[in-house]
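Order of appearance sets the numbers: ligands from 1, and atoms from 1 within every ligand. FYI, side chains are in, hydrogens and waters are out, and symmetry mates aren't considered; it's all heavy atoms of this structure.
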Amino acid sequence: MNDKLRLGVNIDHVATIRNARGGIHPDPIHAAKLAEKAGADGITAHLREDRRHISDSDVGRLMEAIDTPLNLEIAATAEMLQIALRHKPNAACIVPEKREERTTEGGLDVAGGATSLQPVISQLKDAGIRVSLFIEPDQRQLDAAAELGADIVELHTGRYCDVIGAARDEELKRIAEAAIYTHQLGMECHAGHGLTFDTVMPVAAIPEVVELNIGHFLIGEAIFSGLESSIQRMRALMDKARADAPGAKPA
Ligand code: PXP
């Protein structure tokens with residue numbers, strides 16, 4: 001459990017900048033290749049219904065270009081299911097999606113939406129795609145995810161990043177407890193959303209968490225220090241947190 005923590009780099013916002021002007025620059029696939037060189041263990045991309053950043057052709061180009069696993073974030077719609085089945089990424093992370101939101105707000109209501117999620121999850125799994133569900137650190141949602149046969153849950157760290165002081169400590173405790181419970185239920189535990197250099201270490205120190213998915217901060221920081229440097233620094237902080245965590249194996 002204390003083995004090296006994987007870093008999935010989300011390259012959506014390279015595409016956001018590209019799309020601000022149209023055209024082909026900057027290319028998110030170029031960013032994905034650089035991310036791999038800098039130490040990313042996987043690439044994450046969210047194909048949204050409104051295609052505000054990643055496009056359909058980006059998904060195909062990523063599948064061809066990258067050497068690490070692609071984690072494709074999608075809403076549980078018939079259209080997105082067909083796209084995932086066509087490209088067969090390593091994993092599909094099902095997220096809630098609202099057209100008017102700026103980013104993914106809150107986790108998926110797995111407990112309340114089990115009937116509509118079940119066929120999507122089954123078809124993805126039948127195609128050999130690992131299924132991840134993006135949820136709040138909440139026992140009821142975790143039970144429902146396990147019930148539906150999810151391989152992975154990704155715990156939403158947005159609230160943890162948004163609050164400060166005692167509220168952040170409380171939220172971290174919720175995430176740590178949810179990570180232990182995820183592991184007990186036999187699912188792989190990932191975490192992400194809103195993580196920065198300042199917030200990543202306590203989450204990285206949770207031994208049951210095996211992957212963090214980080215995007216917006218890394219792409220923003222790349223403006224100042226370059227993409228490889230921002231990823232390398234994040235990677236170093238994650239590794240340090242892991243090495244210093246109680247019960248860590250000696251290197
Ligand atoms: N994980 C999931 C499921 C997400 O939807 C996102 C945002 O697209 C992230 C991780 C990464 O969040 P951020 O861009 O804030 O690092």
Subject >> Mode of Glu154 contact toward ligand 1 - side chain, backbone, both, neither (heavy atoms, under 4.0 Å) >> reply: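 Side chain only.
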
Original post:
Can you find an N or O of Asn213 that's nearer than 3.5 Å to an N or O of ligand 1?
Top reply: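 Asn213 vs ligand 1: no N/O contact under 3.5 Å.
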
Subject >> Closest protein heavy atom (residue, atom, distance) for atom 5 (O) of ligand 1 >> reply: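 Scanning the protein heavy atoms, the shortest distance from atom 5 (O) of ligand 1 goes to Glu73 OE1, 3.0 Å.
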
Original post:
Identify the closest protein heavy atom to atom 7 (C) of ligand 1: which residue and atom is it, and at what distance?
Top reply: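 Ranking protein heavy atoms by distance from atom 7 (C) of ligand 1, first comes His193 CD2, 3.7 Å.
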
Side chains of [X] and [Y] only: does a donor on one sit below 3.5 Å from an acceptor on the other?
{"X": "Ser132", "Y": "Glu154", "answer": "no"}
{"X": "Asn10", "Y": "Thr44", "answer": "no"}
{"X": "Asn213", "Y": "Glu211", "answer": "yes"}

**OP:** Provide the full list of ring-ring contact (aromatic ring centres under 6.0 Å, His included) pairs with a residue in residues 104-150, sequence neighbours left out, each pair given once.
**Re:**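 Non-adjacent pairs meeting ring-ring contact (aromatic ring centres under 6.0 Å, His included): Phe134-His156.
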
Counting each atom of ligand 1 from 1 as listed, which ones have a heavy atom of [X] under 4.0 Å away?
{"X": "Ile214", "answer": "16 (O)"}
{"X": "His216", "answer": "13 (P), 14 (O), 16 (O)"}
{"X": "Asn10", "answer": "8 (O)"}
{"X": "Val95", "answer": "3 (C)"}

**OP:** Evaluate whether atom NE2 of His87 has more than 12 neighbouring non-hydrogen atoms of other residues, nucleotides or ligands under 6.0 angstrom away.
**Re:**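 For His87, atom NE2 is crowded (more than 12 foreign heavy atoms under 6.0 Å).
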
**OP:** Might you confirm whether atom CD of Gln118 has over 12 heavy atoms from other residues, nucleotides or ligands at distances under 6.0 Å?
**Re:**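 For Gln118, atom CD is crowded (more than 12 foreign heavy atoms under 6.0 Å).
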
Original post:
To which of Gly194, Ala45, Gly192, Gly215 does the heavy atom nearest atom 15 (O) of ligand 1 belong?
Top reply: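 When every heavy atom of Gly194, Ala45, Gly192, Gly215 is considered, Gly194 comes closest to atom 15 (O) of ligand 1.
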
Original post:
Charged N to carboxylate O below 4.0 Å: is that the case for Arg6 and Glu188?
Top reply: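 Looking at Glu188 together with Arg6, the answer is yes, because their closest N to O distance falls below 4.0 Å.
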
